[in-house]
Amino acid sequence: MRRLALAALALLVAGIALGDDTTRTLTFSKNAEGIQAVVLEAGVGDVEIVTSRDPAVTAEVTLSASKKSWGASRARRELDALELDAEVKAGTLHLRVSGDRGGDHNYGEDWTIQVPATVSVSVELGVGEVTILDVGGDVEVELGVGDVRIEGDYAAVGRIRGSCGVGDVDLRTPEGRHESEGFVGHSLSATGPGRNEIRVKTGVGDVNIRLR
């Protein structure tokens with residue numbers, strides 16, 4: 001019993017010792033000239049993408065050490081090895097976190113991205129929540145576990161496709177509410193008056209799309 005108590009105390013002290021030193025924030029900014037789309041690849045965390053009037057793409061990611069990384073020094077070393085990787089290929093800006101030497105991905109990443117209204121966005125996330133607000137281009141989301149919320153201008157949207165392995169897809173437009181169909185897995189298809197596409201796929205979680 002005493003050994004168990006000492007072990008529990010050691011874990012508690014290690015957790016307290018990590019404190020505020022277990023986070024790191026990285027930023028990126030680039031003029032959006034020539035960028036038609038932004039693609040984000042992330043592991044575990046939350047993603048928020050919104051439009052901005054500035055003619056630039058900006059990104060901020062807050063990295064947090066996993067609870068499995070006991071010890072402040074180890075957690076700090078893991079975070080310090082990480083970098084925000086940004087590369088433009090054929091008009092598409094690719095964003096991700098690189099430098100995970102062990103490949104264990106023992107960190108969370110919370111993203112906030114701002115894009116001009118004409119830029120399309122694509123998000124691939126393992127676990128977390130995705131929020132996309134008023135993006136004027138195409139929107140594509142692939143999420144393993146978590147919820148997706150998308151809001152935008154109905155007049156700009158054309159084809160809408162959503163599917164969940166376990167969960168619901170809910171679409172609301174000025175023309176009314178559209179509910180997904182299915183027993184366990186659910187899917188939804190609709191068409192708006194515009195040209196932009198919305199495509200969402202989740203393994204487990206709900207999808208809520210609100211178009212004004």
So, taking the atom named [atom1] in [X] and the one named [atom2] in [Y], what distance separates them when rounded to the nearest 0.5 Å?
| X | Y | atom1 | atom2 | value |
| --- | --- | --- | --- | --- |
| Ile132 | Thr51 | CD1 | OG1 | 11.5 Å |
| Arg159 | Ser189 | CZ | OG | 7.5 Å |
| Asn106 | Leu79 | CG | CG | 10.5 Å |
| Lys201 | Cys164 | NZ | SG | 11.0 Å |

Over all atoms of both residues, closest heavy-atom pair of [X] and [Y]:
| X | Y | result |
| --- | --- | --- |
| Ile113 | Ala59 | CG1-CB, 4.1 Å |
| His186 | Gly167 | ND1-O, 2.7 Å |
| Ala81 | Arg24 | N-NH1, 4.4 Å |

Problem - Heavy-atom side-chain proximity of Leu171 to Val169 below 4.5 angstrom - result: no
Problem - Residue pair Ser64 / Thr22, side-chain heavy-atom distance below 4.5 Å - result: no
Under the salt bridge (Lys or Arg N to Asp or Glu O under 4.0 Å) rule, what pairs show up with a residue in [range], not counting sequence neighbours?
| range | answer |
| --- | --- |
| residues 188-197 | Glu197-Arg199 |
| residues 147-156 | Arg149-Glu151, Glu151-Arg212 |
| residues 36-52 | none |

Problem - Remaining members of hydrophobic cluster (4.5 Å side-chain criterion), Val50 - result: Leu133
The criterion is side-chain contact (heavy atoms from CB on, under 4.5 Å); which residues satisfy it with [X], sequence neighbours excluded?
| X | result |
| --- | --- |
| Asp54 | Ser52 |
| Val157 | Ile160, Ile198, Leu211 |
| Arg177 | Asp170, Arg172, Glu179 |
| Ser98 | Glu83, Asp85, Arg96 |

Which donor-acceptor pairs under 3.5 Å do side chains of residues 25-40 form with protein atoms, sequence neighbours excluded?
unit_1 : atom_1 : unit_2 : atom_2 : d
Thr25  : OG1    : Thr62  : OG1    : 3.3
Asn31  : OD1    : Glu33  : N      : 2.8
Gln36  : NE2    : Gly34  : O      : 3.2

I'd like a table of donor-acceptor pairs (distance under 3.5 Å, sequence neighbours excluded) in which one partner is a side-chain atom from residues 115-125, with atom names and distances.
unit_1 : atom_1 : unit_2 : atom_2 : d
Ser120 : OG     : Asp138 : N      : 2.9

Ignoring hydrogens and angles, write down the donor-acceptor pairs under 3.5 Å from the side chains of residues 86-93, residues two or more places apart or on other chains.
none

